[in-house]
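Counting convention: from 1, in listed order, for ligands and their atoms alike.
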Amino acid sequence: MALVTTKEMFKKAYEGNYAIGAFNINNMEIIQGVVNAAKAKKSPVILQVSSGALKYAGPKYLKAMVDAAIADTGIDLALHLDHGPDFETVKLAIETGFTSVMFDGSHYEYEENVAKTKEVVDYAHAHGVVVEAELGVLAGVEDDVKSDVHVYTEPDQAVDFVNRTGVDSLAIAIGTSHGAFKFAGEAKLRFDILEEIQGKLPGFPIVLHGASAVDPAAVETCNKYGGNIAGAKGIPTDMLRKASSMAVCKINMDTDLRLAFTAGIRKVFGDTPKEFDPRKYCGAGREAIQATVEAKITDVLGSENTL
Ligand code: G3H
Ligand code: 13P
Ligand code: ZN
C-alpha cells in the first residue's frame, strides 16, 4: 500500500476496457467518502487536487490526509494535481509528494503549450512523476480560465503534441465541460474524434474532464431543502461508460461530489433544524459521497473488482 503513479493503473484500465475515476478532494470527509467507496468496490481511484483546493486546505494537510487514507484502507492511491496552471504550482505539488501532475496549457497558443508542457514533463519525469496535459478547450470554467465555446481536439495535432512533449496522458475536448450546466439542448459527445485519436495513438491513455453526470436526484434534494440550482445537466452515464471502454483511462468528476455532499448536508439541516453538531451533517455529506462514488465505479467506470 503506497502512493503510486497512474502508469500501471492506466495500462490495466486500457487493456481491461475500463477507466479510473479521478475525484477532486478538498477536505477530510470528501477523501474518506471516496476512498471508502474504492475499498468497498475493490477499485483503484485517483485523488486530485486543484489550485483552489491547495489554497483552501493547504498542501501539507491534503498530503497528510491522503497518507492517512492509504494507511487506513490499505489500498494504493495516486495523488494528482488537477489543472496545474504554471510551473511553480507543478513544482509545489511534486515537492509535496504528488505522484502525478496536470499542466493545463490548453488556453495557450499551440507552440507555447508544447514548450511549456515539455518543460514540465522534463522536470516531473526527473522526479518520477507522471504528467497529464490538455489539448483543445472545454466550454465552461477551467479554474481561472473562462471559455464559452468548445474547441475540439484535432487528432493529428494530438499525435504531434504527444510525440513532442512526451506526456503520459492527454485530456481532450470532445464536448464535455466543467460544472453543472453542460448542455443547453441534447447531450452530444464527439466519439468520432476519440476514435480517431485512439487509432492514431494506440495504447495511449486519454483523459476526460468535465465528466459529471449531474444526478437529477441530487439536484432535486438540494432544491427541496432550500437550494436553487436550476437547469443543471450533465453527461449521460451510458456515454461515459462507452468512453471508458475505449481509450479513455481517466474520468474527472467533481461537480457530482459537490452536489452529493451539499444534498446530504442540506437534508440534515432541513430534517433536523435543531441539529448543530458538524459531525452529523458532515457525516451525512461523507455518506452521500461514498454512495455516489460507488455508483460511479459500477455504472460509469467499470473498475469494480480490479484491485
Ligand atoms: O475542473 C475544476 C474542478 O472542478 C476543480 O474546481 O478549481 O473550484 O477546485 P476548483
Ligand atoms: P465536472 O465539473 O464535470 O465534475 O468536472 C471536473 C473536472 O474536470 C476536474 O478537473
Ligand atoms: Zn477539469
**Salt bridge present between Lys11 and Glu15 (N-O < 4.0 angstrom)** =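 The answer is yes: the pair qualifies as a salt bridge.
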**Prompt:** Any ion pair linking Glu304 and Lys42 (charged N to carboxylate O, less than 4.0 Å)?
**Reply:**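 No, this pair does not count.
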**Item:** Under 4.0 Å from ligand 2, counting heavy atoms only: the protein residues, by chain and number
**Value:** Asn24, Gln48, Asp82, His83, Ser177, His178, Gly179, Lys182, His209, Gly210, Ala211, Ser212, Asn252, Met253, Asp254, Thr255
**Request:** Look up atom CD in Gln157 and atom CZ in Arg164, then write down how far apart they are to the nearest 0.5 Å.
**Result:**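 If we round to the nearest 0.5 Å, Gln157:CD and Arg164:CZ are 9.5 Å apart.
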**Item:** Passing option when His83 is tested against Glu132, Gln48, His178 for side-chain hydrogen bond (donor to acceptor under 3.5 Å, both in side chains)
**Value:** His178
**Cation-pi, Phe10 ring and Lys250 (6.0 angstrom, 45 degrees)** =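 Ring-cation test returns no.
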**Message:** I want to check a possible cation-pi pair here: Lys63 against Phe98, using under 6.0 Å from ring centre and within 45° of the ring axis as the test.
**Reply:**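 Judged by the rule, Lys63 and Phe98 form no cation-pi pair.
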**Request:** Please say which of Phe261, Phe276, Phe269 ends up in a ring pair (Phe, Tyr, Trp, His ring centres under 6.0 Å) with Tyr281.
**Result:** Phe269
**Item:** Tyr123 ring center within less than 6.0 Å of Phe87 ring center
**Value:** yes
**Request:** Specify which N/O/S atom of His209 comes nearest to the Zn ion (ligand 3), by atom name.
**Result:** ND1
**Item:** Within-shell test, Arg258 vs ligand 1, heavy atom, strictly < 4.0 Å
**Value:**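 True for this residue.
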**Prompt:** Does ligand 1 have a heavy atom under 4.0 Å from the side chain of Asn252, from its backbone, from both, or from neither?
**Reply:** neither
Which atoms of ligand 1 have any heavy atom of [X] under 4.0 Å away?
X      : answer
Asp254 : 3 (C), 4 (O), 5 (C), 6 (O)
Asn24  : 3 (C), 5 (C)
His83  : 1 (O)

**Apex the Zn ion (ligand 3) - arms NE2 from His83 and NE2 from His178 - angle rounded to 10°** =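 The angle at the Zn ion (ligand 3) comes to 100°, rounded to the nearest 10°.
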**Asked** Got a sec, which residues hit side-chain contact (heavy atoms from CB on, under 4.5 Å) with Met1, two or more places apart in sequence or on another chain?
**Response** Ile70, Asp76
